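No experiment lies behind these values; they were computed from the predicted model shown. Residues take their numbers from the sequence shown, with the count starting at 1.
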Amino acid sequence: MSVQSQSMQTKPVHAAGAGDTRPHAWDGIAVADPQLSVTDLRTYFFTRNGTVKAVDGVSFAIARGETLAIVGESGCGKSMTALSLMRLIPDPPGRIVSGEVVLDGVDLLQLSEEEIRAYRGRDISMIFQEPMTSLNPVMTIGKQIGEVLTMHQHIGRDELQKKIVEMLALVRIPEPAQRAKEYPHQLSGGMRQRAMIAMALACSPKVLLADEPTTALDVTIQAQILELIADLQRKLGT
């Protein structure tokens with residue numbers, strides 16, 4: 001995937017290295033002191049039939065509180081770009097072969113596996129396309145949100161339960177204390193997606209990646225989810 005290709009469109013800028021606070025421009029658009037800078041990102045898959053260039057030279061930058069939409073046809077590399085930023089590309093057969101992903105001065109591609117785990121969920125988080133396959137079917141919703149919180153925050157049991165309920169209430173799930181005790185299959189598609197958003201926002205990340213978060217939902221629920229994400233962005237400054 002390339003931002004120059006016709007299959008994908010972005011509102012990108014070329015980003016400079018860490019510590020560079022000058023405005024950066026691409027196609028007439030400037031971002032001063034970007035929070036997230038992606039420069040010449042390339043993710044390839046090495047197969048018996050040859051090399052597949054899933055992401056091929058993508059560059060963009062996002063300022064604090066800004067929304068960036070990446071648009072393109074199915075298979076052009078949108079999800080692979082998001083997974084690359086999260087360092088979740090399956091290796092083998094995939095590998096990020098070059099580029100920079102700089103979040104507040106730190107190149108995420110240079111971190112060890114242990115170091116990147118500290119960033120995932122805390123500083124950069126992701127809402128996946130299909131909540132039913134992304135949520136663990138044998139764990140309650142509350143326990144799954146709690147795992148994110150305990151991984152990144154020193155928090156007592158009582159405070160943890162309170163925070164879980166608060167996050168479910170924040171994404172407008174009715175009866176949040178009861179829903180926290182339920183399993184994914186007990187929730188509707190819209191409720192599961194809201195639970196995924198609550199999990200992604202539990203630690204108030206600086207950057208939230210949403211990979212087609214309304215694909216599996218009907219049109220009415222889609223509008224509600226997009227409005228919810230925009231509202232939470234304004235409240236949390238993501």
Side-chain angles (χ1 to χ4, degrees), residues 1 10 12 14-20 31 33-46 52-66 68 70 77-131 133-136 139 143-155 160 163 167 196-213 233 236-238:
M1 177 182 69
T10 67
H14 282 303
D20 189 342
V31 174
D33 190 19
Q35 183 155 48
L36 176 70
S37 301
V38 178
T39 306
D40 198 30
L41 180 64
R42 298 174 189 271
T43 300
Y44 295 173
F45 285 77
F46 301 93
V52 178
K53 298 180 179 181
V55 180
D56 195 25
V58 170
S59 298
F60 59 84
I62 307 173
R64 287 166 178 79
E66 184 182 15
L68 174 75
I70 298 180
K78 302 183 301 294
S79 295
M80 283 301 141
T81 297
L83 291 172
S84 297
L85 302 189
M86 294 289 291
R87 291 270 305 270
L88 291 174
I89 297 297
D91 182 9
R95 191 166 76 247
I96 300 171
V97 297
S98 68
E100 291 183 344
V101 177
V102 179
L103 177 60
D104 279 347
V106 177
D107 187 353
L108 302 184
L109 302 187
Q110 300 302 317
L111 300 179
S112 67
E113 280 300 318
E114 183 178 355
E115 289 170 333
I116 192 63
R117 281 197 295 269
Y119 274 80
R120 285 195 208 110
R122 185 192 68 189
D123 295 276
I124 183 168
S125 194
M126 185 167 174
I127 306 169
F128 295 91
Q129 273 191 37
E130 176 47 68
T133 56
S134 301
L135 292 168
N136 190 326
M139 289 175 61
K143 187 170 179 60
Q144 293 185 62
I145 296 173
E147 274 197 337
V148 178
L149 289 165
T150 54
M151 181 178 294
H152 298 293
Q153 299 179 5
H154 297 291
I155 188 169
L160 176 64
K163 180 71 173 179
M167 290 307 304
M196 281 288 297
I197 295 171
M199 193 182 309
L201 292 174
C203 294
S204 300
K206 299 170 183 175
V207 176
L208 176 66
L209 308 175
D211 184 16
E212 299 190 36
Q233 180 190 28
L236 303 175
T238 302

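- Considering only residues two or more places apart in sequence or on other chains, Lys163 meets the side chain to side chain contact (heavy atoms under 4.5 Å, CB included) condition with Leu149, Ile155, Glu166, Met167.
- A donor-acceptor pair under 3.5 Å is absent between the side-chain atoms of Glu100 and the main chain of Asp40, judged by distance alone.
- Atom CD1 in Ile127 sits 13.0 Å away from atom CD in Glu212 (nearest 0.5 Å).
- Figure legend: cation-pi geometry between Arg117 and Tyr119 absent, as NZ or CZ is not positioned both under 6.0 Å from the six-membered ring centre and within 45° of its axis.
- Between Ser204 and Thr238, every side-chain heavy-atom pair lies at or beyond the 4.5 Å cut-off.
- Counting heavy atoms from C-beta on, the side chains of Phe60 and Thr81 come closer than 4.5 Å.
- Residues that satisfy the side chain to side chain contact (heavy atoms under 4.5 Å, CB included) test with Gln233, not counting sequence neighbours, are Thr67.
- For the pair His152 (side chain) and Arg120 (backbone), a donor-acceptor distance under 3.5 Å is present.
- Nearest heavy atoms, Leu109 versus Ser98: CD1-O, 4.5 Å.
- Taking the side chain to side chain donor-acceptor pair (under 3.5 Å) definition, one finds that Arg87 meets it with Glu113, sequence neighbours left out.
- The only option from Leu85, Leu208, Leu83 that meets the side chain to side chain contact (heavy atoms under 4.5 Å, CB included) definition with Met126 turns out to be Leu83.
- Within the 4.5 Å cutoff, side-chain heavy atoms of Gln35 are placed close to those of Leu103.
- To the nearest 0.5 Å, atom CG of residue Leu111 and atom CD1 of residue Ile116 are 5.0 Å apart.
- Distance check, rounded to the nearest 0.5 Å: CE of Met86 to CG of Leu108 gives 9.5 Å.
- Not one N or O on the side chain of Ser59 forms a donor-acceptor pair closer than 3.5 Å with the backbone of Thr39.
- For the pair Glu115 (side chain) and Ser112 (backbone), a donor-acceptor distance under 3.5 Å is present.
- Closest approach of Met80 to Ala54, counting heavy atoms only: CG-CB, 4.0 Å.
- Atom CE of Met139 is surrounded by more than 12 heavy atoms from other residues, nucleotides or ligands within 6.0 Å.
- Once rounded to the nearest 0.5 Å, the distance linking NE2 of His154 with CG of Leu160 reads 13.5 Å.
- Side chain of Asp107 to backbone of Val102: no donor-acceptor contact under 3.5 angstrom is found.
- Taking a cutoff of 4.0 Å between a charged side-chain nitrogen and a carboxylate oxygen, Asp104 and Lys206 qualify as a salt bridge.
- Phe45 has its side chain within reach of Pro90: a pair of non-hydrogen atoms, C-beta onward, lies under 4.5 Å apart.
- The shortest distance between side-chain heavy atoms of Ile124 and Pro205 does not fall below 4.5 Å.
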Take Ser125 and Leu201 through the test side chain to side chain contact (heavy atoms under 4.5 Å, CB included) and record every step on the way to the result.
CA-CA 7 Å; Ser125 194; Leu201 292 174; over 6 Å; no
Decide side chain to side chain contact (heavy atoms under 4.5 Å, CB included) for Tyr44 and Val55; before the verdict, give the C-alpha distance in whole Å, the side-chain angles of both, and the deciding distance to 0.1 Å.
CA-CA 7 Å; Tyr44 295 173; Val55 180; over 6 Å; no
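- Within the 4.5 Å cutoff, the side chain of Pro34 has no heavy atoms near those of the Ile62 side chain.
- At least one side-chain heavy atom of Val97 sits less than 4.5 Å from a side-chain heavy atom of Phe46.
- You'll find the side chain of Gln144 reaches within 4.5 Å of the side chain of Met199, heavy atoms only.
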How far apart are the C-alpha atoms of Leu209 and Phe128, what are their side-chain angles, what is the distance that settles it, and do they pass the side chain to side chain contact (heavy atoms under 4.5 Å, CB included) test?
CA-CA 8 Å; Leu209 308 175; Phe128 295 91; over 6 Å; no
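- The shortest non-hydrogen separation linking Asp123 to Ala118 is OD2-O, 4.3 Å.
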